[in-house]
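To keep things clear, I will list the structure first and then write my remarks on it.
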2 protein chains.
Amino acid sequence: MKQDSIHLIDEKHLKESQKIFKLLSNPTRLQMLHLLEQKRLNVKEIGGILNVEQSVVSHQLAHLKKFQLVSSEQIGKARYYQLNDPHILDVVNETIAHSDHVMRGKKHGE
Amino acid sequence: MKQDSIHLIDEKHLKESQKIFKLLSNPTRLQMLHLLEQKRLNVKEIGGILNVEQSVVSHQLAHLKKFQLVSSEQIGKARYYQLNDPHILDVVNETIAHSDHVMRGKKHGE
DNA sequence: ATAACATATGTTAATAATAACATATTTATA
DNA sequence: TATAAATATGTTATTATTAACATATGTTAT
């Protein structure tokens, strides 16, 4: 009997992981998560730091919120955002560290 | 002097991380990496296991190769692929584990 | 209640990712 | 060397992402 028993990622985990990676594959969102790792910030502050338009910031935050990576709280006129899921930062930080390794290890261009 | 010294991800790391996350945000590519983690496989085998067309497999493998996540070797008529970068699997596996956590923690739909 | 500030949401145009199909290369064997 | 098998590459239509702009909603102070 020849059984190699190769394992596949099941549909649910696959889709969920895909969503997470999609969320992290955008530079603005990555920076936002990185910022919020350090400090709770409101929309205007984030836009100022990243030099990104207000509506873009709000849209991307909504996106992150939809997938529960951030939560928010209204304080006065401003709405402050914070990380809702510190664990995801492990993935981010590990990947940044990895990217560092990849960058250093590059033979030529690309 | 008011200095909050908020740190930003620098351009290089940001772009590199973005590339990696983009690569991982596709279900076919994720499955491929997961397969290759277990066993070196050729194009036909991968297509068979994942039930994906030959040209799609080749295109996606080329994509992964371009970013040095896999390497390949010709053996007879077949070309076998293998992981070139086991470290990236840590990111993948951590994210899958995380997605598991997220899925369990979900209150209602979405 | 109205004005001003902050944020959210709707819509659209530009761009990128994907799968599908066709064709070209490469390798082994008759 | 001709053929078949395996893989790669080119091209295109479909769909998804993104940023930009316009408008709406919510919050505070006057």
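Since this is a predicted model, take the numbers as computed values, not measurements. Chain A is the first sequence line, chain B the second, and so forth, proteins listed ahead of strands; every chain is numbered from 1.
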Residue met sooner reading DNA chain D from 5', once B:E45 and A:T28 are mapped to nucleotides: B:E45
Helical bend (five base pairs per end, nearest 10°) for the helix from C:dA1-D:dT30 to C:dA30-D:dT1: 10°
A:R29 or A:G76, whichever maps to the more 5' nucleotide of DNA chain D: A:R29
Integer-rounded Å distance: D:dT18 C1' and A:L64 CG: 14 Å
Of all pairs that satisfy salt bridge (charged side-chain N to carboxylate O under 4.0 Å, His left out), the ones with a partner from residues 67-76 of chain B, not counting sequence neighbours: B:R40-B:E73
Upstream residue (5' side of DNA chain C) when A:S58 and B:S55 are each assigned their closest nucleotide: A:S58
Short side-chain N/O contact to D:dT28 OP1/OP2 from A:Q74, under 4.0 Å: no
Nearest-0.5 Å distance, OH of residue B:Y81 to OG of residue B:S71: 9.5 Å
Rounded distance (Å) that lies between atom P of D:dA16 and atom CD of A:Q60: 17 Å
Criterion side chain to side chain contact (heavy atoms under 4.5 Å, CB included) on A:F67 and A:I88, from CA distance to verdict: CA-CA 11 Å; A:F67 292 100; A:I88 199 71; over 6 Å; no
Whole angstrom value for the distance that separates P of D:dT15 from NZ of A:K22: 15 Å
Scan the side chains in residues 43-59 of chain B for donor-acceptor partners under 3.5 Å anywhere in the protein, sequence neighbours excluded, and list what turns up.
unit_1 : atom_1 : unit_2 : atom_2 : d
B:E45  : OE1    : B:N42  : N      : 2.9
B:Q54  : NE2    : B:S58  : OG     : 3.1

Gap between atoms NE2 and C1', on A:H59 and D:dT18 respectively (whole Å): 10 Å
Touch class at under 4.0 angstrom, heavy-atom based, for A:Y80 against every strand present: nothing
Outermost nucleotides of DNA chain C that come under 4.0 Å of a non-hydrogen atom of chain B: C:dA17 to C:dA28
ILVMFWY cluster, A:L89 and A:L69 together (side-chain gap under 4.5 Å): yes
Derivation and outcome, side chain to side chain contact (heavy atoms under 4.5 Å, CB included), residues A:S72 and A:Q82: CA-CA 6 Å; A:S72 68; A:Q82 58 200 297; over 6 Å; no
Protein-nucleotides 3-6 of chain D N/O pairs closer than 3.5 Å?
unit_1 : atom_1 : unit_2 : atom_2 : d
D:dA6  : OP2    : B:K44  : NZ     : 3.0

Steps toward side chain to side chain contact (heavy atoms under 4.5 Å, CB included) verdict (A:L24, A:T95): CA-CA 10 Å; A:L24 299 180; A:T95 304; over 6 Å; no
Could you pull out all donor-acceptor pairs under 3.5 Å where a side-chain atom in residues 25-38 of chain A meets a protein atom, sequence neighbours excluded?
unit_1 : atom_1 : unit_2 : atom_2 : d
A:S25  : OG     : A:K22  : O      : 2.8
A:N26  : OD1    : A:T28  : N      : 2.8
A:N26  : OD1    : A:R29  : N      : 3.0
A:R29  : NE     : A:L23  : O      : 2.8
A:R29  : NH1    : A:Q60  : OE1    : 2.9
A:R29  : NH1    : A:H63  : ND1    : 3.3
A:R29  : NH2    : A:K22  : O      : 3.0
A:Q31  : OE1    : B:I9   : N      : 2.9
A:Q31  : NE2    : B:I9   : O      : 2.8
A:H34  : NE2    : B:H7   : ND1    : 2.8
A:E37  : OE2    : A:N93  : ND2    : 3.1
A:Q38  : OE1    : B:H7   : N      : 2.7
A:Q38  : NE2    : A:H34  : O      : 3.0
A:Q38  : NE2    : B:H7   : O      : 2.8

Hydrophobic cluster identity match, A:L8 and B:V92, side-chain contacts under 4.5 Å: yes
Between C1' of D:dT18 and CD of A:Q54, the distance in whole Å: 16 Å
Verdict with reasoning, A:D85 to B:H98, per side chain to side chain contact (heavy atoms under 4.5 Å, CB included): CA-CA 10 Å; A:D85 184 356; B:H98 176 73; 2.8 Å; yes
Any donor-acceptor N/O pair, A:Q18 side chain to A:I20 backbone, under 3.5 Å: no
